[in-house]
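Inspection log for the structure reproduced underneath, given as structure tokens.
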Amino acid sequence: MTRIFYAIAFLALLIGVGSLALTVYLWIGDWPAEAKSTLDHLRSAQDNLGKAPEPLLQNPRGREHESLNGVWQAVIDPYDRGALGGIAPRAVEPKTPSDLAEFSFENGLTLNVPGDWNTQDPRLVFYTGVVWYKRVFEHSSTPGLRTFLYFGAANYKSSIYVNGLLIGEHEGGHTPFNFDITDELVDGQNLLVVRVDSQRDTEDIPTPLTDWHNYGGLTRDVLLVHVPETHVSSYELRLDGEPGDHIVGYLQVTGPALPARVTVTIPELQLETTTLVTTDGRIAIDFSASPLRWSPRDPRLYRVQITLNGQSIVDEIGFRTVATANGEILLNGEPIYLRGISIHDETLDGGGRSNSIEEAEATLGLAKELGCNFVRLSHYPHPEALARVADRLGLLVWAELPVYWNVAFANETTLERGRRMFSELIERDRNRASVIIWSLGNETPAGEDRDRFFAELASHVRDEDPSRLLSAALLTGGEALGPFVMRYYLPALLGWNRSEWIFRVDDGLEKIVDVPAINQYFGWYYSGALAFVTPFSSEYARRVMLDNMDRIRFVTEGGKPLIVSELGAGAKAGLHSDPGEMRVYSEEYQAEVYRRQITMLDHQDAVRGMSPWVLKDFRAPLRLYQGVQDYWNRKGLVSETGEKKLAFHVLQEHYAMLAAQ
Ligand code: GCB
């Protein structure tokens, strides 16, 4: 018995010591390289799963940086298996023909970065899911400098791996983010792998259902940005309200060496001041200065240089004020009418997502040719290049978050996502004079949860940026359309017409925003639905609407200025009909809807701007009419490859007339 006891005790001791030794070995042991890399990877995955990016470095291109754009290797992973054992994150390749492999980046797909994947390989046109990206780059560290890995955008979720280790993750497809990767970098070759997953679920922003293409991938610049350990991470310089003889804003310094002296120089204003930023890292600035005002007529930009610890950030900033009063939008204290156009982010040559300055110049150049002084960048944040080029061309910008249709308004996590996306967008564009409106969302169904969601989002945006106007495109859904149809449209179809058709913009969101906006499709939608439930043909219903459109009057509750953020009709470029024929999708019918809409909008007291839908035909998997739509939304004023339709000229003529007034 005693022997058995000693034998068991001895065995237990052996197992105990053995496990301890194994644990110590696993932790610090001299493992074969492959096993060690797997363990390090697994530890990083455990520690950094869901780790959010560091606060954004503003204006990365105005700092010392290197581009990681170019051709990357990629693997499509429809079943999301690449992460197993860290095979894809570590880019494990078979080394000999006898290595049994189930994964490899070599000899496979390559993708251009920046770029959506959908337009780069026929297998990916409608693909929603995971793609792994890989790129190797050289690095040599400089003492005193930290290196950030910056992504202009990655749609929708991304996980970032440097030298096989998970650095962190980001969610949201259209805003920038960065990670400080200094400690993970080695001198010489470094491996960067990014897992991008373009799937969204019903609690995301946006949800999976949108009227645009879910372009996946690393759609914008990828940069390495080098900054001194103590650096200016963020700054704002803007004109204080009227009379506008002060430049105000703040400087935000990050790093251990505080307090720090930061110099701001604007040579053309003979302004050079040095400010002591104290230990909390942030200081408000207030210089007396009277710069020439930035405006669409004179988009004047000043070169600004901000210097700390021998490194300068260079920016081009315009100074203007924007406000609302007495039902007007005031730019530099003067009422302005917004001659706009809505735009989706796609290149003008039929490609997918845009990114470059040249692509932004082509798109905004076309808006200028149309006679615009305003662009609605719908329905999500467009590349930074758009706001920069708009600054140079003198176009006012509406920038929007994809709170589109019905998101999970009651969900706290969804709200938090919205707040974070707005912070990233505001941080990126806060110094762009062109950006005058933050739009909270588009066509959201009214309700208590929605109003609470937007009230919180609005207060977040106002905290982060009190200097711009808030808007949202309201839904002209059943609540507003129902009474309108019953009171005016239906009686007119029956032959009892009224001299005015009052359209009451009555939505809880109107109270939250500074400038309410509505989307309306008189002459296009609604008539079909009406024909469905009445004995009238849709052709007759549409004709009655066209003939009476100029009777419509928009009335807002609080007397706030109103923007008509959408109107329009579909047309396939090259499809013609006789004038007067109600042939939908013909260029003539689209042009006629524009003529009637213009006449109607011409005498609306409440309306202070418009941005018809839309500059260019855009990819939209929701649009299934074969031979006509072919997965494109055809409401563009130009086709997907830039051919102008008749309606382009109708709106151009109208805007030329307005500009001359
Ligand atoms: C809308 C939406 C927009 C659609 C458009 C359309 O009201 O805001 O995203 O693409 O209508 O074409 O139906």
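Note: hydrogens, waters and symmetry copies are ignored here, and every other heavy atom, side chains too, is used. Nothing fancy with the numbering, it's 1 onward along the sequence. Note that the structure is predicted; figures quoted are calculated from it, not measured. Every number for a ligand or one of its atoms is a count from 1 in the order of the listing.
By the 6.0 Å contact criterion, CD on Gln626 is enclosed, its count of non-hydrogen atoms from other residues, nucleotides or ligands being greater than 12. The environment of Arg504 atom CZ is sparse: at most 12 non-hydrogen atoms of other residues, nucleotides or ligands sit within 6.0 angstrom. The local environment of OH in Tyr625 is sparse, with at most 12 non-hydrogen atoms from other residues, nucleotides or ligands closer than 6.0 Å. Within 6.0 Å of the CG atom in Asp605, the count of heavy atoms belonging to other residues, nucleotides or ligands does not exceed 12. No more than 12 heavy-atom neighbours from other residues, nucleotides or ligands sit within 6.0 angstrom of CD on Glu653. Other residues, nucleotides and ligands place no more than 12 heavy atoms under 6.0 Å from the CZ atom of Arg487.
Which parts of ligand 1 touch Arg623 is read off a 4.0 Å heavy-atom cut-off, strictly below it: atoms 6 (C), 12 (O), 13 (O). In summary, the atoms of ligand 1 found under 4.0 Å from a heavy atom of Lys635, numbered by their order in the structure, are 6 (C), 12 (O), 13 (O). If you number the atoms of ligand 1 from 1 as listed, the ones under 4.0 Å from a heavy atom of Phe618 come out as 10 (O). Each of the atoms 3 (C), 8 (O), 9 (O) of ligand 1 lies under 4.0 Å from some heavy atom of His379. Within ligand 1, counting atoms from 1 as listed, the ones closer than 4.0 Å to a heavy atom of Asn633 are 6 (C), 10 (O), 12 (O). Against a heavy-atom cut-off of under 4.0 Å, Asn519 is close to the following atoms of ligand 1: 7 (O), 8 (O).
Protein heavy atom nearest atom 2 (C) of ligand 1, with residue, atom name and distance: Glu566 OE1, 3.3 Å. When hydrogens are left out, the protein atom nearest atom 13 (O) of ligand 1 is Tyr525 OH, 2.5 Å; that is the closest non-hydrogen contact. With respect to atom 7 (O) of ligand 1, the closest heavy atom belonging to the protein is Glu443 OE2, 2.3 Å. For atom 4 (C) of ligand 1, the closest heavy atom belonging to the protein is Asp211 OD2, 3.2 Å.
In Arg634, neither the side chain nor the backbone holds a heavy atom less than 4.0 Å from any atom of ligand 1. At a 4.0 Å heavy-atom cut-off, ligand 1 does not touch Trp524 at all. Residue contacts with ligand 1, taken as heavy atom pairs separated by less than 4.0 Å, involve Asn442 solely via side-chain atoms from C-beta onward.
Under the 4.0 angstrom criterion for non-hydrogen atoms, Gln520 is not in contact with ligand 1. Note on ligand 1: Trp212 sits outside its first shell, no heavy atom being nearer than 4.0 Å.
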Does the ring pair (Phe, Tyr, Trp, His ring centres under 6.0 Å) test come out yes or no for His344 and His379, once each step is laid out? CA-CA 7 Å; His344 259 296; His379 284 301; 5.5 Å; yes
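For ligand 1, the polar-atom distance check finds no N/O of Trp405 at less than 3.5 Å from any of the ligand's N/O atoms.
Of the listed residues (Glu464, Glu424, Glu456), just one forms a salt bridge (charged side-chain N to carboxylate O under 4.0 Å, His left out) with Arg419, and that residue is Glu456.
Remark: the Asp602 side chain and the Thr599 side chain contain no N/O donor-acceptor pair separated by less than 3.5 Å.
Arg595 forms no cation-pi arrangement with Tyr589, by the criterion of a distance under 6.0 Å to the ring centre and an angle within 45° of the ring axis.
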